[in-house]
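Step one of this worksheet: look at the structure below.
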Amino acid sequence: MVKVHVYLYASLRQFHAGAGSADGAEAEAPDGTSIAGLYALLGIPAEEVKQAFINGRQRDPNYLLRDGDRVGVFPPIAGG
Amino acid sequence: MRFLRVDMNGLKAVVEEVPEKYRQLAGRGLTSRLVCDEVPATAHPLGPKAKLFIAPGAVAGTSAPSSARVSVGGKSPLTWGIKEANAGTPVAQYLARLGLKAIIIEGEPKEPGKYWTLVVTKDGAEFVPADEQTGKGLYEVYRGLKERHPTAGFIACGPAAEARMAMAGVCFSDTDGRPSRYSGRGGLGAVMAAKGLKLIVVDPAGTSPVVATNQELFKAGQAKLVEAILTHGVTKPGGTLNTYGTAALINALNEAGGLPTRNFSSGRFEGAAKISGERMAEIVKERGGVGMMGQGCHPGCTIRCSNIYPKPDGTELVSCIEYESDWALGANCGIDDLDAIAEMIWHCNDLGIDTIECGVTIGVAMEAGLKKFGDAAGALALIDEIRKNTALGRILGQGAAFTGRAFGVVRVPTVKGQGMPAYEPRAVKGIGVTYITSPMGADHTAGYTIAPEILAVGGKADPLSPAGKADLSGAFQDTTAFIDMSGYCLFIAFPILDIASGFEGMVETVNAVLGTSFAAGDVAKFGGEIVKWERQFNRAAGMTAAHDRPPEFMRYEKCPPHNQVYDVTDEDLDRIAGV
Ligand code: SF4
């Protein structure tokens, strides 16, 4: 199993109370789980997701999670 | 369309036909051309030869969506180079409806310390003394004006400008008459004050919306653009800009390790969640009252990224909290208290100063040990020094670079003397190129590569890689100069970067108003011309390649969490910044 810390932002917060809170949430997933797999595990509709940052780097949905990863997930956002 | 030429020496305002060479220019294109043509590059920005230009964008005043931008141009007392700063305000629409392509303010006032108000209506312009408004905070000034001129909008400089501070902006009124929409950057408020002009009342009573010369083309273009704005993920109704405001970026930049924290000493802020757009939306909901997200800066914006932030009792604290202001006075000072940030923004609006320059300056002052990082009361006390116009306040009021010199600080995040906005260049290399090479000094809006580097809009680019970033920024800077001429809010760039028909629609509406025949492919080319004029002015003003460089500390100091230095090469920077 890998343990990761997940933060959901903006409109994605509604899909998971813990991960959608300011502190995010710990999540456990089987070894070899991808980011996309994590969405399924947490009940986050993949079509709502624009991108994910893993430890500060943008990664594809097929990136395989590693123990201790910080996962930040965003819908389409902008500003300036 | 006409110019209103305002001579502050003779107190005369004369309407002129627009000369042929300026007819197809507007907004930034027009202000920058006029600066080049009418202001000697070596002039003192506050001296008799300096001038101030105020020009609405091409489609301002029409029914085009999100199109109430007005550009203010001049020589900057902050950077000592050319400056254009634009704002979203109903005043842009009023100027266009009055048929004014630009207001040109010139001449040395006869009586130092005496300020005037210029009242502009469809029947002409007249001067009245501004004694009553002189020295007063802009909230009080605007309240009084709204009572006297209920149908008008206002342009003003605040008390900080009267003290000739280089962080003083030009302030425009919002839809409710607040002093909240700023052409903030570069000290143009001080240029206005140096002319003895305190206020311009712009009253559109008796005028009609602007109708494009080619109405058929305009309608077709408008429809395409509206469609793009309404369908794109970030600008559609109920999208993030609408729901969380621009401060939705706080968490995004924090995750990306690019949220400058404690005077650019880290790219992550442990208090980010507390000052995020998400938290702001929660507070607005909890407190109720007049608080709201999704406010528009002018009638006719469907994106509506602004907000009204309430006090605990539901009455208004400030409008609005933008990402940049939130970051500058928050994370950059180690402050994680939204109420304190909101209060600081109120003071900035009241004094007429740029929130970005103010926050970057306080960060440098904290670095110098004047206050501790995280000390919100201390930060407010520093702003109070500016208000009281003390010796310390006058140092701070000159901006981050000046303050850094006064206190011997090495870590000073400025380019050409202008404080860096809310993106850490060592974690987002392309925006660094924009900061470094833009003729405006460090300015994120001059070439917002954050779109592909962080937001995955308009393509995707690895923020940490220096490869290709000079060209990416160069292309963004050129296109942006055109958008800054168009009168459209820069936020339409998000949908039109991804949706080609939206981009065409933008160009068509501009053509329909200006009588130009730009093709989509000409946008970057013509924008590039504008940027070239601006660079030529800077060269003539004495700037060299040495001014197109990052602050030295970014070359050797690694920024956590990515622990990178700024590594876009000098050769790459010169290639973009060269004239
Ligand atoms: S998106 Fe925001 S800044 Fe742009 S026009 Fe609309 S309200 Fe104004």
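Chain naming here is simple, since letters A, B, ... match the order of the sequence lines and numbering starts at 1 in each.
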Would a 4.5 Å heavy-atom cut-off, applied to side chains only, mark [X] and [Y] as touching?
X: B/Thr240; Y: A/Pro75; value: yes
X: A/Arg57; Y: B/His562; value: yes
X: B/Asn251; Y: A/Tyr7; value: no
X: A/Phe53; Y: B/Ile454; value: yes

Top contributor to chain A contacts, counting heavy-atom pairs under 4.5 Å, from B/Thr445, B/Val457, B/Asp462, B/Thr243: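 Answer, by heavy-atom pair count under 4.5 Å with chain A: B/Asp462.
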Among B/Ala248, B/Ala456, B/Ala273, B/Pro463, who wins on heavy-atom pairs under 4.5 Å with chain A?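 Max contact count across the listed options: B/Ala456.
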So does B/Glu278 get a backbone contact from the side chain of A/Tyr9, meaning a donor-acceptor N/O pair under 3.5 Å?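 No; zero donor-acceptor contacts below 3.5 Å.
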If every non-hydrogen atom of B/Tyr448 is compared with every non-hydrogen atom of A/Gly79, which pair is closest and at what distance?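 Scanning both residues, the minimum pair turns out to be OH-O, 3.3 Å.
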How close do B/Leu249 and A/Gly80 get, heavy atom to heavy atom, and via which atoms?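 Closest heavy-atom pair between B/Leu249 and A/Gly80: CD1-N, 3.4 Å.
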About how many Å separate CD of B/Glu255 and CD1 of A/Ile54, when rounded to the nearest 0.5 Å?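 CD of B/Glu255 is found 9.0 Å from CD1 of A/Ile54.
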Roughly how far, to the nearest 0.5 Å, is CD1 of A/Ile77 from OG1 of B/Thr246?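 That separation rounds to 10.5 Å.
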Tell me, side chain or backbone of B/Ile450 under 4.5 Å from chain A's heavy atoms, or both, or neither?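 Nothing of B/Ile450, per the 4.5 Å heavy-atom cut-off to chain A.
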Taking 4.0 angstrom as the limit, do B/Glu282 and A/Arg13 come out as a salt bridge?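 So B/Glu282 pairs with A/Arg13 through a salt bridge.
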Counting only heavy atoms from other residues, nucleotides and ligands, does the tally under 6.0 Å from NZ of A/Lys50 exceed 12?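 Buried by this count: over 12 neighbours within 6.0 Å.
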Is A/Asp23 close to chain B through its backbone or its side chain, or both, or neither, when contacts mean heavy atoms under 4.5 Å?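 Neither part; nothing is under 4.5 Å.
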